[in-house]
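Positions are given from 1, in the same order as the sequence printed here. These figures come from a predicted structure and were not determined experimentally.
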Amino acid sequence: MKKLLTSFKFLAVLSVLALGSCQNESNEITQQETAQAKVSVSDLKKEITPGVQAIPQAVQVQLDESKKNLEKHLNNDLQITGINVLGKISTQKGLEISQNLISNKDQIIGLGNIADPSSVKIGKIGDLYSGDHLITAQKGLKEMATDEIKAGINVLEVSWDGKHGKFTTLCFYNDSGIVWDNVFGGLVLMDTRGNSEVSNSSTAKVVSKWYKQWWTANWLWGSKRGEVGYQITIYYTGSTVSNVDVSDWGNISLGKAKSESKVIKRTGAYGQCQYALGLCTPTGSLSFNASNFSVSFSGLGSNIVSNGTKSLYP
C-alpha cells in the first residue's frame, strides 16, 4: 500500500509539473502577444531620428523595378502609391518595437509568386494564418527581424493600393538596399517551370555527360534571392554507363532552403538520380523525409518544392 501511495504521489507531482509547464508556455505566448499588441507604428516613430529624406540610389532602383514588375504581372491588383522616409532607428527600444511590429498579427503581409497572380495573397498576418501556422509564421518573422534589423538601419513607409484595399508597410533599408518589408519580402518572382542545361558531347575515350536543373526565386525588383537545384553526371564508354555522380544545392536570402540528392542507378544503359528540393520565405517551414526521400512545405508563404528522379543516357 505504501508503494502504491508513493507511486500515486510521484504521478501527481508529474501531473502538476506538466500542467505548470503547459501554463508557463501558454503564459509566455500570451505575454508575447500582449507585448506585440501594445506597440504601434506611432510608438516606433518616437524612437526614430529624422534623417536625410533622399533615398539611396540602390533602394530607389529596387523600388522603381518593383513597381514595373508589379504592373507587369499584377496590373492594378497591387501597386505602390507613395513613399515616406521616416528616418534612422538608433535606440534599442526602437529595434525591439520594429522586431515586434514585423511579426504582429495585425500587420499586413504578402505571400505568393507574382508571376502566378492566383497564388498572391495580401492581408493581416492574423487573417492569413491561424493556429500552428500563425505560430510558425510569427516565429520565422521574429527570428529574421532579430537577425537583420540592427541599430542604425533606416525605415520608410510604403503606401499600397489595389484590389486588397489601401494599406501601408514598414520598409527597412540601408545604403546597399532594402533589408525587409512584409510585402517586398513576403512575395517572390519566379518561373516555376525551372531551368535546365545539358553538357556538350566529349571526344575522350571515357566520356562524361551532365544534366542540371534548377529553380530560382527573385526579389520583386528582379535580382536573385535564392536557388535550388541538382546536377547528375554520367561516365560512359560506348553505350554503357560505368559511374554516376550527383550534387545538389539550395540557398535563399531571408528564408529557408533544403536540398538532397542520391544516385539510384550507377551502371548499365543509363544513370539515374533522385532529388528533393525546396525553398520558402520565413513564414513557412521545410522538412525532409528520408523514408520516401522528399521535401515538404508546411505553413503558408511563398515557396517552391520539387521532388523527383532524373535518368540520363549516354
Query - With K68 via salt bridge (charged side-chain N to carboxylate O under 4.0 Å, His left out) - residues at least two apart - result: E65
Requested in this report: Would you check if there is a donor-acceptor pair between the side chains of E47 and T91 at a distance under 3.5 Å?
Outcome: yes
**Report entry** Ring-ring centroid check W210 Y230, cutoff 6.0 Å
**Finding:** no
Query raised in the report: Side-chain contact, heavy-atom cut-off 4.5 Å: K88 with I153?
Result: no
Query raised in the report: Is the NZ atom of K121 crowded by more than 12 outside heavy atoms at less than 6.0 Å?
Result: no
Requested in this report: Indicate whether any N or O donor in one side chain lies under 3.5 Å from an N or O acceptor in the other, for N69 and S66.
Outcome: no
Query - CD (Q79) with more than 12 external heavy atoms under 6.0 Å - result: yes
Report task. Please check if any side-chain donor atom of S298 sits under 3.5 Å from a side-chain acceptor atom of S285, or the reverse. Result -> yes
**Report entry** Pair Y235-D245, side-chain donor/acceptor within less than 3.5 Å
**Finding:** yes
Report task. Measure across S90 and T49 and return the closest heavy-atom pair with its distance rounded to 0.1 Å. Result -> OG-OG1, 3.2 Å
Query raised in the report: Does K262 make a cation-pi contact with F293 (under 6.0 Å, within 45 degrees of the axis)?
Result: yes
Query raised in the report: Just by distance, with hydrogens left out, do S294 and N289 show a side-chain donor and acceptor under 3.5 Å apart?
Result: no
Query raised in the report: Do E227 and W249 get their side chains close enough for a donor-acceptor pair, meaning under 3.5 Å?
Result: yes
Query raised in the report: Quick check: are there more than 12 heavy atoms from other residues, nucleotides or ligands sitting under 6.0 Å from CG of D175?
Result: no
Query raised in the report: What do you reckon, are the aromatic ring centroids of Y236 and Y313 less than 6.0 Å apart?
Result: no
Query raised in the report: So, T169 versus W160: side-chain donor-acceptor pair below 3.5 Å or not?
Result: yes
**Report entry** Heavy-atom closest pair, residues L78 and L70
**Finding:** O-CB, 3.8 Å
Query raised in the report: Quick check: are there more than 12 heavy atoms from other residues, nucleotides or ligands sitting under 6.0 Å from NZ of K212?
Result: yes
Query raised in the report: Under 3.5 Å, is there a donor-acceptor pair linking the side chains of K142 and N100?
Result: yes
Query raised in the report: With no hydrogens and no angle check, do the side chains of S159 and T81 hold a donor and an acceptor under 3.5 Å apart?
Result: no
Report task. Indicate the atoms forming the closest heavy-atom contact of C171 with I178, along with that distance. Result -> SG-CG2, 3.8 Å
Query raised in the report: More than 12 heavy atoms of other residues, nucleotides or ligands under 6.0 Å from NZ of K72: is that the case?
Result: no
Query raised in the report: Looking only at heavy atoms, which two atoms of R193 and Q213 are closest? And how far apart?
Result: O-NE2, 4.4 Å
Requested in this report: State whether a side-chain donor-acceptor pair under 3.5 Å links Q231 with S247.
Outcome: no
Requested in this report: Identify which one of T233, I232, I234 satisfies the side-chain contact (heavy atoms from CB on, under 4.5 Å) criterion when paired with K209.
Outcome: I234
Query - Flag if over 12 foreign heavy atoms under 6.0 Å of CG, D132 - result: no
Query raised in the report: Backbone N or O of G112 within a donor-acceptor pair of the S302 side chain at under 3.5 Å?
Result: yes
